[in-house]
Amino acid sequence: MGLSLEIERKFLVRNLDCLNSATSHIKMRQGYLNTDPNRVVRLRLSTFSDDSVTKAYLTIKGPSRDHGLARLEWEKEVEPEQALGLFDLCLPNLIEKTRYLVPHQGFVFEVDVFEGVNKGLVVAEIELPEINTAFDPPSWLTKEVTGQGRYTNAALTEHPYTQW
């Protein structure tokens with residue numbers, strides 16, 4: 001994986017009924033080595049439901065632009081054992097969540113159900129090919145929170161949802 005432009009929009013979720021349409025889910029544990037908005041460094045360990053394979057990734061994200069819609073991202077797969085060791089270097093309040101992949105009208109929404117210190121928070125993200133790509137939001141979405149920094153995973157390590 002190399003450098004790419006990530007374009008996504010983020011929404012709060014009305015209820016968990018949308019999970020009935022999920023095609024798969026991924027258990028995730030994330031830690032942050034750096035949460036500076038200009039250079040976020042994330043470590044992610046993912047266990048995939050469809051084949052029980054665990055993979056780990058080191059990701060660097062640049063500053064947000066276009067009102068929080070886009071940012072440069074670089075990602076590299078690392079060995080899961082390396083990731084487990086590096087979690088000790090991460091900031092407190094690791095992110096624990098289950099990501100459900102929910103198709104809707106040709107798109108796939110990633111619905112994140114948070115656990116641990118962020119329990120109770122449920123957000124959905126849609127990755128878009130271009131900033132102006134139109135889509136019809138499903139009825140289970142509520143408020144759009146794209147560009148609202150406190151909903152980023154990096155911010156949730158510093159100010160967990162259960163402390164809002």
Side-chain angles (χ1 to χ4, degrees), residues 6-37 39-61 63-64 67-71 73 75 77-78 80 83-104 107-128 135 137-164:
E6 176 186 57
I7 301 168
E8 66 184 13
R9 291 177 63 183
K10 186 180 289 195
F11 300 84
L12 298 180
V13 175
R14 184 176 318 281
N15 58 51
L16 297 180
D17 292 346
C18 63
L19 302 185
N20 295 328
S21 301
T23 56
S24 64
H25 67 276
I26 307 162
K27 294 287 286 181
M28 295 180 167
R29 185 174 182 209
Q30 293 179 181
Y32 288 82
L33 297 161
N34 185 0
T35 58
D36 180 327
R39 63 191 66 75
V40 173
V41 181
R42 176 186 73 203
L43 185 65
R44 176 184 282 167
L45 191 66
S46 301
T47 302
F48 297 83
S49 65
D50 51 352
D51 56 13
S52 298
V53 169
T54 298
K55 293 188 175 192
Y57 302 91
L58 180 64
T59 306
I60 301 171
K61 295 186 176 203
S64 291
H67 307 288
L69 288 171
R71 65 195 305 186
E73 179 181 279
E75 187 168 75
E77 189 170 350
V78 297
L84 287 170
L86 288 172
F87 278 127
D88 291 339
L89 300 176
C90 291
L91 298 168
N93 298 319
L94 295 178
I95 300 293
E96 300 171 88
K97 63 185 179 181
T98 302
R99 172 169 289 169
Y100 296 87
L101 305 180
V102 181
H104 177 76
F107 294 97
V108 176
F109 283 84
E110 297 174 339
V111 179
D112 289 345
V113 179
F114 288 83
E115 301 156 16
V117 294
N118 292 297
K119 187 178 179 94
L121 180 61
V122 182
V123 298
E125 294 179 353
I126 180 174
E127 288 201 25
L128 301 170
F135 67 96
S139 61
W140 43 266
L141 294 180
T142 62
K143 179 182 173 185
E144 182 167 7
V145 294
T146 302
Q148 293 185 29
R150 73 190 216 155
Y151 288 98
T152 65
N153 287 285
L156 290 170
T157 63
E158 297 174 336
H159 305 288
Y161 183 70
T162 56
Q163 296 175 9
W164 291 8

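The figures here come from the full heavy-atom set of this structure, side chains too, leaving out hydrogens, waters and symmetry mates. Quantities reported herein were computed from a predicted structural model and do not represent experimental measurements.
- Within the model, atoms NE2 of H25 and CG of L19 stand 10.5 Å from one another, a figure rounded to the nearest 0.5 Å.
- Residues I60 and V40 are not in side-chain contact: their nearest non-hydrogen atoms beyond the backbone lie 4.5 Å or more apart.
- Heavy atoms only, all atoms of each residue included: R71 and P37 are closest at NH2-O, 3.9 Å.
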Could you tabulate the donor-acceptor pairs under 3.5 Å formed by side-chain atoms of residues 118-126, not counting sequence neighbours?
unit_1	atom_1	unit_2	atom_2	d
N118	OD1	Y161	N	2.7
E125	OE2	K10	NZ	3.2

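- L33 contributes atom CG, which lies 11.5 Å from atom CZ of R42 (distance to the nearest 0.5 angstrom).
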Derivation and outcome, side-chain contact (heavy atoms from CB on, under 4.5 Å), residues L58 and V41: CA-CA 7 Å; L58 180 64; V41 181; 4.0 Å; yes
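- The line from CD1 of I95 to CD of E115 is 11.0 Å long, rounded to the nearest 0.5 Å.
- For the residue pair S21 and V102, the shortest heavy atom distance occurs at CB-CG1, 4.1 Å.
- Side-chain contact of T47 with T54: a donor-acceptor pair under 3.5 Å is present, judged by distance alone.
- Residues F135 and L128 come closest through the heavy atom pair CD2-CD2, 4.1 Å.
- The two residues D36 and N34 make their nearest non-hydrogen contact at N-OD1, 2.9 Å.
- Closest of all the heavy-atom pairs between G31 and F87 is N-CE2, 3.4 Å.
- The shortest distance between side-chain heavy atoms of P138 and F109 falls below 4.5 Å.
- In this structure, R14 contributes its side chain and S139 its backbone to a donor-acceptor pair below 3.5 Å.
- Taking CG of L69 as the start and CZ of R9 as the end, the distance is 6.5 Å to the nearest 0.5 Å.
- Between R44 and R29 there is no side-chain heavy-atom pair separated by less than 4.5 Å.
- The shortest side-chain heavy-atom distance between V113 and L16 falls under the 4.5 Å cut-off.
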I would like to know whether T152 and E158 meet side-chain contact (heavy atoms from CB on, under 4.5 Å); could you show each step before the answer? CA-CA 10 Å; T152 65; E158 297 174 336; over 6 Å; no
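- Within the structure, the salt bridge (Lys or Arg N to Asp or Glu O under 4.0 Å) test picks out the following pairs touching residues 86-99 (sequence neighbours left out): K97-D112, R99-E110, R99-D112.
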For a side-chain contact (heavy atoms from CB on, under 4.5 Å) check, start with the C-alpha distance between I26 and S49, then their side-chain angles and the critical distance, and finish with the verdict. CA-CA 6 Å; I26 307 162; S49 65; 6.0 Å; no
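- With T157 contributing its side chain and L94 its backbone, the two residues share no donor-acceptor pair below 3.5 Å.
- Y151 OH to E144 CD: the interatomic distance, rounded to the nearest 0.5 Å, is 12.0 Å.
- In this structure the side chain of F114 reaches within 4.5 angstrom of the side chain of N153, judged on heavy atoms.
- One distance of note links NZ of K61 with OH of Y32; it measures 6.5 Å at 0.5 Å rounding.
- Defined by atom type and a distance below 3.5 Å, a donor-acceptor pair is missing between the side-chain atoms of T59 and E73.
- For W164 (side chain) and H159 (main-chain N/O), a donor-acceptor pair under 3.5 Å exists by modelled atom type.
- When every heavy atom of V78 is checked against every heavy atom of Y57, the shortest pair comes out as CG2-N, 4.1 Å.
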Please step through side-chain contact (heavy atoms from CB on, under 4.5 Å) for the pair V111 and W140, ending with a clear verdict. CA-CA 11 Å; V111 179; W140 43 266; 3.9 Å; yes
